[in-house]
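The structure displayed is predicted, hence computed values, not measured ones. Order of the sequence lines fixes the chain letters, A, B, ..., with proteins taken first and strands second; residue numbering starts at 1 for each chain.
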Amino acid sequence: MNIFRLTGDLSHLAAIIILLLKIWKTRSCAGISGKSQILFALVFTTRYLDLLTSFISLYNTSMKFIYIGCAYATVYMIYAKFKATYDGNHDTFRVEFLVVPIGGLAFLVNHDFSPLEILWTFSIYLESVAILPQLFMISKTGEAETITTHYLFFLGLYRALYLMNWIWRFYFEGFFDMIAIVAGVVQTILYCDFFYLYVTKVLKGKKLSLPA
Amino acid sequence: DESEKDKDEL
């Protein structure tokens with residue numbers, strides 16, 4: 001464990017909690033892409049199956065349960081509890097165009113052709129593009145609630161911190177995982193446009209509205 | 001074993 005990975009995990013946890021509290025407190029999921037949240041639940045489910053097979057540490061196991069629990073709770077709130085506030089008309093990204101090719105890619109490019117490893121690879125690839133429906137929805141509505149921009153900021157920051165973690169681990173431990181690194185770079189690049197808007201607008205107290 | 005350690009990231 002190093003400082004980049006720890007702050008990365010805490011940033012990820014903060015994002016997940018911010019979103020959960022936003023929906024719970026405002027009793028509304030307006031502006032939130034349910035499709036992205038389904039993809040994240042799928043990412044955690046396919047990545048954390050090793051909960052059943054191996055124990056690494058209390059931290060590792062507890063964080064995985066928290067991530068999975070919050071992800072499904074968020075999906076439940078969007079599609080069941082606060083379904084009336086779900087903005088389906090703007091959440092129209094064709095996720096099948098992501099899931100199917102990525103499923104194929106996970107079979108072709110992986111470290112080991114075993115079920116757990118292919119599912120882990122699938123979850124790594126999927127996570128890198130899972131935010132696209134959410135970013136697409138914001139581009140369609142042309143704006144985002146400020147709390148949603150904080151959610152996206154911490155979510156984007158977490159993988160950027162993981163990139164630093166991998167530089168650290170390569171330098172000090174000689175460890176590196178090309179699949180996770182390439183997917184992590186793609187994932188972080190997808191947030192660059194948002195990071196620019198977040199820093200130039202939201203941090204200056206303005207609302208995040210795309211070029212109107 | 002080594003592979004277990006590698007998958008110690010979330």
Side-chain angles (χ1 to χ4, degrees), chain A residues 1-2 4-13 16 40 43-44 47-51 53-68 71 111-112 114 116-117 119-121 123-124 127 158-159 161-163 165-166 168-170 173-181 183-184, chain B:
Chain A
M1 176 60 80
N2 59 65
F4 297 113
R5 185 142 72 93
L6 182 61
T7 45
D9 289 341
L10 296 177
S11 180
H12 194 185
L13 183 64
I16 291 171
F40 284 123
V43 165
F44 294 142
R47 187 176 303 179
Y48 298 155
L49 290 173
D50 63 350
L51 276 170
T53 61
S54 63
F55 176 82
I56 291 167
S57 70
L58 188 61
Y59 170 81
N60 189 280
T61 300
S62 48
M63 287 291 269
K64 287 175 178 177
F65 276 118
I66 292 170
Y67 285 2
I68 288 179
H111 292 313
D112 175 39
S114 68
L116 263 184
E117 187 67 24
L119 285 170
W120 177 85
T121 307
S123 87
I124 291 289
E127 187 190 5
Y158 126 75
R159 214 59 179 172
L161 287 166
Y162 254 73
L163 293 179
N165 152 63
W166 287 320
W168 174 285
R169 291 191 74 179
F170 178 65
E173 301 170 22
F175 163 86
F176 78 99
D177 180 332
M178 192 50 88
I179 285 177
I181 290 172
Chain B
D1 62 293
E2 188 52 29
S3 69
E4 279 312 311
K5 195 179 82 61
D6 282 355
K7 286 285 186 296
D8 65 344
E9 293 184 346
L10 290 177

| said: Check this for me: A:F170, atom CZ, are more than 12 non-hydrogen atoms of other residues, nucleotides or ligands nearer than 6.0 Å? | reply: no
Turns out that what part of A:N165 lies under 4.5 Å from chain B's heavy atoms comes down to side chain
Is there a side-chain contact between B:K7 and A:L116, using heavy atoms and a 4.5 Å cut-off?
no
Residues A:K64 and B:L10: closest non-hydrogen pair is CG-CD2, 3.7 Å
The interface call for A:D9 against chain B, heavy-atom contacts under 4.5 Å, is side chain
| Backbone N or O of A:I56 within a donor-acceptor pair of the B:D8 side chain at under 3.5 Å? | no
Applying a strict 4.5 Å limit to non-hydrogen atoms, the region of A:Y48 in contact with chain B is side chain
